There are 2 protein chains.
Amino acid sequence: MTRTPTRDLILAAAVRTAAEKGITGASMDEIADRAGVAKGSLYYNFPSKDAIFGQVVRDGFDRLDIALRQARGEAKGLSAMRAVTVATLEVLSDSPDRAKIVAAEIFRTDRPWADVVAPVRAGVVVHYREVLQEYAAARGESTDAITDIAGAAFLGAIAGAGLEWLLFHKERPLPEVAEQVLALMPR
Amino acid sequence: MTRTPTRDLILAAAVRTAAEKGITGASMDEIADRAGVAKGSLYYNFPSKDAIFGQVVRDGFDRLDIALRQARGEAKGLSAMRAVTVATLEVLSDSPDRAKIVAAEIFRTDRPWADVVAPVRAGVVVHYREVLQEYAAARGESTDAITDIAGAAFLGAIAGAGLEWLLFHKERPLPEVAEQVLALMPR
DNA sequence: GTCTATACAGTGATAGAC
DNA sequence: GTCTATCACTGTATAGAC
């Protein structure tokens, strides 16, 4: 029987609530209720609502970044494309609620935490771009034409497939979803 | 000098405001201000805030659906893949604000208008899936393996690239962005 | 058809007891 | 460290004058 720190209870409740109602729609009252603590405890553990969700979004990108680094370290070429796709889908399915929040927030530029999140987001896109470039190079093709936009397209393809999977076709196994994404890729 | 109906002024102001602050963050006060009308006029033209944004989101999918039907009518095979990609990017760049709203709302299942939007969303995904299937068939490959998840991946790829483009690399021409997406596709 | 004024519920945040 | 009680404020929506 491990005791979960209040801070983590709050973050988990915030994720669950915002997945349903969006960040602005998630009230501190409801987060406190779901966490099983009083609202005052929210403000003891975090300075503000923005601080809570800044942490949630940053955690999401951090988890993805760590998973991508590990996947890229273990494979190259086409295997790296597959490894990166699988790793991303695993992060999504580990926490679909968090994924929904990040997906909804990723293109908002006016958030208090936007300045902190933007570089992390850009760093994640670079992983996908570099994997695409390495694969193109391995096939003897030019890498010049592959920009961050292609990286964002790769990430978008995985996210689109992953969320469609988790929300509407949850019975499918993960490898099958990965194949649907990779079927789009050049070979 | 054409007179814009108040209803359209309100919808346009709602789109602009929600693109910055999200739907929940867009207040009726600010929408009225930006539309240049009184708050009471909002409630004369629409029964509620939800009704306004239900209309905004539905309009977004309708525009995309119309553009996709036209694009598919004019081209087949690889040309259809390109036509659909370009058409989607055109819809995005015609109204990036609306695109940001729809992108943020597309995976929310608790909205008042979710029941209306879900089938429209699914209908749009079918277009992408069918184009992928037709292209596979034209190359003599099996279409059985291509499901809605692949369709969602295609849409996700275009949306990811398109939003990266419009938000961070707006100087690039549209055809170049389309090529970045199509470079991911089998050939 | 659009305005002003207002009702009233819900919001993020704070203070102080335990 | 967590609680209860309460604050000032903003939100959606309504009523009625023009």
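For clarity, every value in this text was computed on a predicted model and none was experimentally measured. Numbers restart at 1 for each chain; the letters A, B, ... are given by sequence-line order, proteins then strands.
- Computed from coordinates, the Asp29(B) CG to dT4(C) C1' distance equals 13 Å when rounded to whole Å.
- Put simply, the side chain of Glu179(A) reaches to within 4.5 Å of the side chain of Arg82(A), judged on heavy atoms.
- Chain B approaches DNA chain D over the interval dG11(D) to dT14(D), counting the first and last nucleotide 5' to 3' with an atom under 4.0 Å from its heavy atoms.
- Contact between Tyr135(B) and Gly77(B) at its shortest, heavy atoms only, is CD1-C, 3.8 Å.
- Rounded to an integer number of Å, the gap from Met28(A) CE to dG12(C) P is 7 Å.
- As a whole-Å value, the separation of Leu42(A) CG from dT11(C) P is 13 Å.
- Near DNA chain D, meaning a heavy atom under 4.0 Å away, there are no residues from residues 9-20 of chain B.
- Between Glu30(A) atom CD and dT11(C) atom C1' the separation is 13 Å, expressed in whole Å.
- The nearest whole Å value for the distance from the CG atom in Asp50(A) to the C1' atom in dA13(C) is 12 Å.
- Atom OH in Tyr44(A) sits roughly 16 Å away from atom C1' in dA15(C) (whole-Å rounding).
- Inter-residue side-chain proximity for Glu20(B) and Arg16(B) is flagged as unmet; no heavy-atom pair is nearer than 4.5 Å.
- Using a cut-off of 4.0 Å between Lys/Arg side-chain N and Asp/Glu carboxylate O, Asp65(A) and Arg69(A) are scored as salt-bridged.
- Each of Pro47(A) and Gly25(A) lies near DNA chain C, and the nucleotide nearest Gly25(A) is the one positioned closer to the 5' end.
- Just one of Leu155(B), Val131(B), Leu132(B) meets the side chain to side chain contact (heavy atoms under 4.5 Å, CB included) condition when paired with Val84(B); it is Val131(B).
- For Glu141(B) (side chain) and Ala136(B) (main-chain N/O), no donor-acceptor pair under 3.5 Å exists by modelled atom type.
- Met81(B) is not listed as a side-chain neighbour of Glu134(B), based on a closest heavy-atom distance of 4.5 Å or more.
- Taking atom CG of Asp33(A) as the reference point, atom P of dG10(C) lies 13 Å away to the nearest angstrom.
- Proximity of a side-chain donor or acceptor of Lys76(B) to a complementary backbone N or O of Ala138(B) within less than 3.5 Å is not detected.
- When rounded to the nearest whole Å, the span between NZ of Lys49(A) and C1' of dT14(C) equals 17 Å.
- As judged by a 4.0 angstrom heavy-atom cut-off over every strand, Asn45(B) is placed among residues touching the sugar-phosphate backbone only.
- Within 4.0 Å of Ala35(B), counting heavy atoms only, lies no atom of the nucleic acid at all.
- Contacts of Tyr128(A) classified as ring pair (Phe, Tyr, Trp, His ring centres under 6.0 Å), with partners at least two apart in sequence or in another chain: Phe154(A).
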